[in-house]
Amino acid sequence: MGENYFGITDPGRQRTNNEDSFIAKTIFNGEFILACVIDGVGGYEGGEVAAQLTRDEVIGTLDKISGNVIDQMISAFDNANERIIREKKNSASNEKMACVVTLAIVDIEKNKFYFAHVGDTRLYLYRDGSLIKVTKDHSSVGFLEDSGRLSEEAAMSHPKRNEVNKVLGYEKEIALAKDFIDTGESPFLPGDIILLCSDGLTDMITAGKIVSLLSSGKDLRTKGQLLINAANEAGGRDNITVAMVYNDKSPVKHEVTKPRAARKESNTDANGQTKIVNIDNTPGNLVTKKDTGEKNNGWKVLSYCLVILIILWSVFKIFKKIAENKAVIPASIIKQRNKQEFNLLDSINASSNGIVKLAAGQALIISDTVLLKKDSLHIVGNGSSFTRDSAYGGPAFVLASNCKYILLDSLTIENFNVGVLVLNKGLHLKNVQFKNCKVPLQFQQQLLQDTLVSGRQAETVFYYTDSVRR
């Protein structure tokens, strides 16, 4: 298998058969990586049959990617579900067989992965020493754990831990149930690892133990074997399966320009008097010890006064700017943006004609708010997408109160809690798609405090021009 993806399964220490299965392979001429973990249920042979049928249908359906990736993943689940139901009718001994499954398709080139999920197999994202549980268990115990009502340790030992309320093979037409299959997509940055696993792993070892093993400087094959060994050493009560994908691209590093410090170095002249020279050996003013008395003290006092004046002036400018905007802009965490974000902000700030054109089909990862403060601006996306970094929880765009005409044109905004936060009526949209945004568009009104207000709140300040959605 490739160095950046790996899968392994083990029967565990208390079972002789293995009802788990997995997929870890490239598809569509190597452009995508397919990773999948399947846990069969329904008897000694039935679970194995259901897992194998699902594996075959997933590979067959997703061998070629065309159109919407998530729609194809849903089709793969639908096909597997129907296949299991057909086989159950032909085999009385396997009439209770079913399976749970977690599936991921990784696009390394675009730093993104897609997922689909049914049951209590899991998908984790490992990034910078932290483990994020992406999927939610379709079980009562899993719900209690995810909602914080049960600790991880209590959930691991709960007697109903393995009772699930969603499987493939029981519902005849799962496509009609919109919420039956959990789906989504997420940024997958250089250095990230996604881990798909069966409950044979997570019932045996904690998330903290998983982090310690993934943090080891080993290759994926070794990491996988270490996870299997840890689950077996903890008891190995069930089959254990893991599949992993690693984004092996080099992280983008931005060089920070450091100010040239005039570090000083003591030296002596021919008369034995101390002089000061710059560390880069450029000529400096000779200063003798005799000159470093009251004159230097005076310069120190003057320097301190200048520093205080600069700080006060900076504070004054900040408060003046806030007063001019007359809006409360959500504070952002100061962080290092990626190169694409820097380029976007530079283009916006440098725009003289109020038009910013993006290269066609860009996939921009947004790690902090893009604050728009110009009177008028036209951002031409050319089919580009703005996707939320999983560590960021704010809006994609914020329009300041002084914006009079902001046009977002031909772009997609994905996975944000708030897509666009608007502080006035200056926003215009053209061919904009919001995907998986909890609140695509949010208007924030500003009212003066300690004053009497009369009036009526309008239902909306935005309207559709698309006749289909009017």
Verify, without hydrogens or angle tests, whether K133 (side chain) and T135 (backbone) share a donor-acceptor contact under 3.5 angstrom.
-> yes

Please report the C-alpha distance between T412 and S385 in whole Å, then the side-chain angles of each, then the deciding distance to 0.1 Å, and finally whether the side chain to side chain donor-acceptor pair (under 3.5 Å) criterion is met.
-> CA-CA 4 Å; T412 300; S385 63; over 6 Å; no

Is E95 salt-bridged to K88, cutoff N-O under 4.0 Å?
-> no

May I ask you to establish whether K25 and Y5 are in a cation-pi arrangement, using a distance under 6.0 Å from NZ or CZ to the six-membered ring centre and at most 45° from the ring axis?
-> no

Distance-only side-chain donor-acceptor flag, N239 / D39, under 3.5 Å | no

Side-chain H-bond candidate by donor/acceptor type, N402 with K374, under 3.5 Å | no

Output, in order, the C-alpha distance, side-chain angles, deciding distance and verdict of salt bridge (Lys or Arg N to Asp or Glu O under 4.0 Å) for R161 and D203.
-> CA-CA 8 Å; R161 171 73 177 184; D203 281 354; 2.7 Å; yes

N/O donor-acceptor pair under 3.5 Å between D192 side chain and L189 backbone = yes

Residue among V37, L62, L196 satisfying side-chain contact (heavy atoms from CB on, under 4.5 Å) with L103 = L62

Do the side chain of E152 and the main chain of A207 share a donor and acceptor less than 3.5 angstrom apart?
-> yes

Has the side chain of Q72 got a donor or acceptor atom that lies under 3.5 Å from a matching backbone atom of S66?
-> yes

Polar contact flag, side-chain donor to acceptor under 3.5 angstrom, S367-D389 = no

Going by atom types only, do N431 and D409 share a side-chain donor-acceptor pair under 3.5 Å?
-> no

Between N229 and Q225, does any side-chain donor sit less than 3.5 Å from a side-chain acceptor?
-> yes

Going by distance alone, is a donor N or O of one side chain under 3.5 Å from an acceptor N or O of the other, for D20 and S198?
-> yes

Backbone of L358 reached by a side-chain donor or acceptor of N382 within 3.5 Å = yes

Step through the shown structure and confirm whether more than 12 heavy atoms of other residues, nucleotides or ligands are within 6.0 Å of CZ on F180.
-> yes

Electrostatic pair R388-E414, nearest N-O below 4.0 angstrom | no

Sub-3.5 Å donor-acceptor pair from the side chain of N94 to the main-chain atoms of M97, do we have one?
-> no

Kindly indicate, with the supporting measurements, whether the criterion salt bridge (Lys or Arg N to Asp or Glu O under 4.0 Å) is fulfilled by R83 and D56.
-> CA-CA 10 Å; R83 178 80 178 275; D56 293 343; 5.0 Å; no

Does any donor atom in the side chain of N79 or T61 lie under 3.5 Å from an acceptor atom in the other side chain?
-> yes

Pair H428 + H378: ring centers closer than 6.0 Å | no

Just by modelled atom types, is the A359 backbone N or O under 3.5 Å from a matching donor or acceptor in the S384 side chain?
-> yes

Cut-off 3.5 Å, side chains only: do T222 and D219 have a donor facing an acceptor?
-> yes

Rounded to the nearest 0.5 angstrom, the CD1-CG distance for I74 and N81 is 13.0 Å

CD on Q442 to SG on C437, rounded to 0.5 Å = 12.0 Å

Between D63 and I59, is there a donor-acceptor pair closer than 3.5 Å when you use the side chain of the first and the backbone of the second?
-> no

Using distance alone, with no hydrogens and no angle criterion, decide if S186 and Y114 have a side-chain donor and acceptor under 3.5 Å apart.
-> no

Would you call the rings of H117 and H138 parallel, tilted or perpendicular if under 30° counts as parallel and over 60° as perpendicular?
-> tilted

Given salt bridge (Lys or Arg N to Asp or Glu O under 4.0 Å), test R55 with E19 step by step and report yes or no.
-> CA-CA 12 Å; R55 185 179 188 277; E19 296 180 313; over 6 Å; no

Can a donor-acceptor pair be found between the side chains of T102 and T121 at a distance below 3.5 Å?
-> yes

State, yes or no, whether a side-chain contact exists between I348 and L377 at a heavy-atom distance under 4.5 Å.
-> yes

Is the closest basic N to carboxylate O distance between E109 and K249 below 4.0 Å?
-> no

K435 NZ: over 12 foreign heavy atoms closer than 6.0 Å = yes

Donor-acceptor contact present, side-chain N4 to main-chain N247, <3.5 Å | no

Rounded to the nearest 0.5 Å, how far does CG of L227 lie from NZ of K209?
-> 9.5 Å

If you count the non-hydrogen atoms of other residues, nucleotides and ligands that lie under 6.0 Å from CZ in R237, is the total more than 12?
-> no

Expected output: side-chain E341 to main-chain N338 donor-acceptor under 3.5 Å = yes

Please round to the nearest 0.5 Å and tell me the distance separating atom CG of D120 and atom OG1 of T202.
-> 7.5 Å

Between R15 and D238, is there a side-chain N and carboxylate O pair less than 4.0 Å apart?
-> yes

When the aromatic ring centroids of F397 and F386 are compared, is their separation below 6.0 Å?
-> yes

